[in-house]
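Below: the structure, in structure tokens.
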Amino acid sequence: MTPDNRPTPPPHDDEGPLRPHVYDGIMEYNKRLPNWWLATFYGAIIFAVGYYSCFEWWKVLPNQAQIVNAEMARIDAAKLASVANLSDDTLYAMSRNPTIVEAGHATFLANCAACHRPDLSGNIGPPLIKQKWIHGGHPMEIYHTVTTGVKAKGMPTWGPILGPKTISQVVAFVLSMNKKPPLN
């Protein structure tokens, strides 16, 4: 020990000079940090700025709330799709689920848009964005009309072709484009 209670420095190797301070009896060499450590440190800073920018400034990536909402919609869609007995309330709930409505929209564009137009304004078939319906405007009536068709007016029977799950998605899409009628 030196007179000022500092440990005596070990003999010098080729490591360079020692720093003048001592912590817990440990003396350290006065050397530059290794390049790999500096690259990791600066890389972490650049990554943090880029990560923050993608989420907060540019909004390129979905935030946590959007991810949770999308997952909840997917779970609700799976629950609603597994319902054995369809009802008006179930079909209305399906019409408020974006996952089901999106699937129904794709099916509608592929099968129904030729007669009812993509904006549901009607062409060969009647418009589907109104409150007065020819064959009933309640969800189960719409479901029945799509399933059995209207042979007198040229609408095919979609039940065997699409199946109940896909028909309920199409009905949910049509209902999503209409406001819910008041209950009588």
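- When all heavy atoms of L33 and L38 are compared, the pair lying nearest together is O-CD1, 3.9 Å.
- Enclosure of atom CD in Q64 is not indicated, since only 12 or fewer non-hydrogen atoms of other residues, nucleotides or ligands lie within 6.0 angstrom.
- At a threshold of 4.5 Å between non-hydrogen side-chain atoms, the residues F108 and L120 count as touching.
- Side chain of T40 to main chain of W36: a donor-acceptor pair is present (N/O by atom type, distance under 3.5 Å, no hydrogens or angles).
- Although no hydrogens or angles enter the test, the distance criterion places a donor-acceptor pair under 3.5 Å between the side chain of N97 and the main chain of A73.
- Closest approach of E56 and K59 over heavy atoms only: O-NZ, 3.3 Å.
- By the rule that hydrophobic residues join a cluster once side-chain heavy atoms approach within less than 4.5 Å of another member, Y52 and V60 end up as members of one cluster.
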Steps toward side chain to side chain contact (heavy atoms under 4.5 Å, CB included) verdict (Y29, L18): CA-CA 4 Å; Y29 290 107; L18 292 172; 3.5 Å; yes
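- Cluster annotation: I46 is not connected to F41 through the hydrophobic network of ILVMFWY side chains, with a link wherever side-chain heavy atoms come within less than 4.5 Å.
- Exactly one of W58, Y51, W57 qualifies for a side-chain contact (heavy atoms from CB on, under 4.5 Å) with C54. That residue is W58.
- Formation of a donor-acceptor pair under 3.5 Å by the D88 side chain with backbone atoms of M140 is found in this model.
- Note on F47 and L61: same hydrophobic cluster, where clusters join Ile, Leu, Val, Met, Phe, Trp and Tyr whose side-chain heavy atoms are under 4.5 Å apart, directly or indirectly.
- In this structure, OG1 in T99 is found 10.0 Å from CD in Q169, a value given to the nearest 0.5 Å.
- Nearest heavy-atom pair across P139 and Y92 is CG-CE1, 3.4 Å.
- In this structure, I134 and P126 approach most closely via the heavy-atom pair CD1-CB, 3.8 Å.
- Residues K151 and T157 are in side-chain contact: their nearest non-hydrogen atoms beyond the backbone lie under 4.5 Å apart.
- Remark: the backbone N or O of R117 is not paired with any side-chain donor or acceptor of S121 at under 3.5 angstrom.
- For the pair S176 (side chain) and V101 (backbone), a donor-acceptor distance under 3.5 Å is absent.
- Nearest heavy atoms, M155 versus T145: CE-O, 3.7 Å.
- The two residues L175 and L91 come nearest to each other via the heavy atoms CD1-O, 3.9 Å.
- Side-chain atoms of S95 and F173, non-hydrogen and from C-beta on, never get closer than 4.5 Å to each other.
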Please test E28 against H21 for side chain to side chain donor-acceptor pair (under 3.5 Å), starting from the C-alpha separation and ending with a verdict. CA-CA 8 Å; E28 59 184 333; H21 61 269; 2.8 Å; yes
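- A distance-only check finds no donor-acceptor pair linking the side chain of H116 to the backbone of L128 [under 3.5 Å].
- Counting heavy atoms of neighbouring residues, nucleotides and ligands inside a 6.0 Å radius, atom CE of M177 exceeds 12 of them.
- Remark: F55 CZ is packed, more than 12 non-hydrogen atoms of other residues, nucleotides or ligands lying under 6.0 Å away.
- If you run side-chain contact (heavy atoms from CB on, under 4.5 Å) between P62 and each of V68, I67, N69, only I67 comes through.
- Both I161 and V146 are part of a single hydrophobic cluster, where members link through side-chain heavy atoms under 4.5 Å apart.
- Atom CE of M27 is separated from atom CZ of R19 by 11.5 Å, given to the nearest 0.5 angstrom.
- Between the side chain of S82 and the main chain of K79, a donor-acceptor pair closer than 3.5 Å is present.
- By the 4.5 Å heavy-atom criterion applied to side chains, N63 and Q66 are counted as neighbours.
- At least one donor-acceptor pair closer than 3.5 Å links the side chain of E141 to the backbone N or O of G137.
- Counting heavy atoms from C-beta outward, Y143 and L86 have side chains that approach closer than 4.5 Å.
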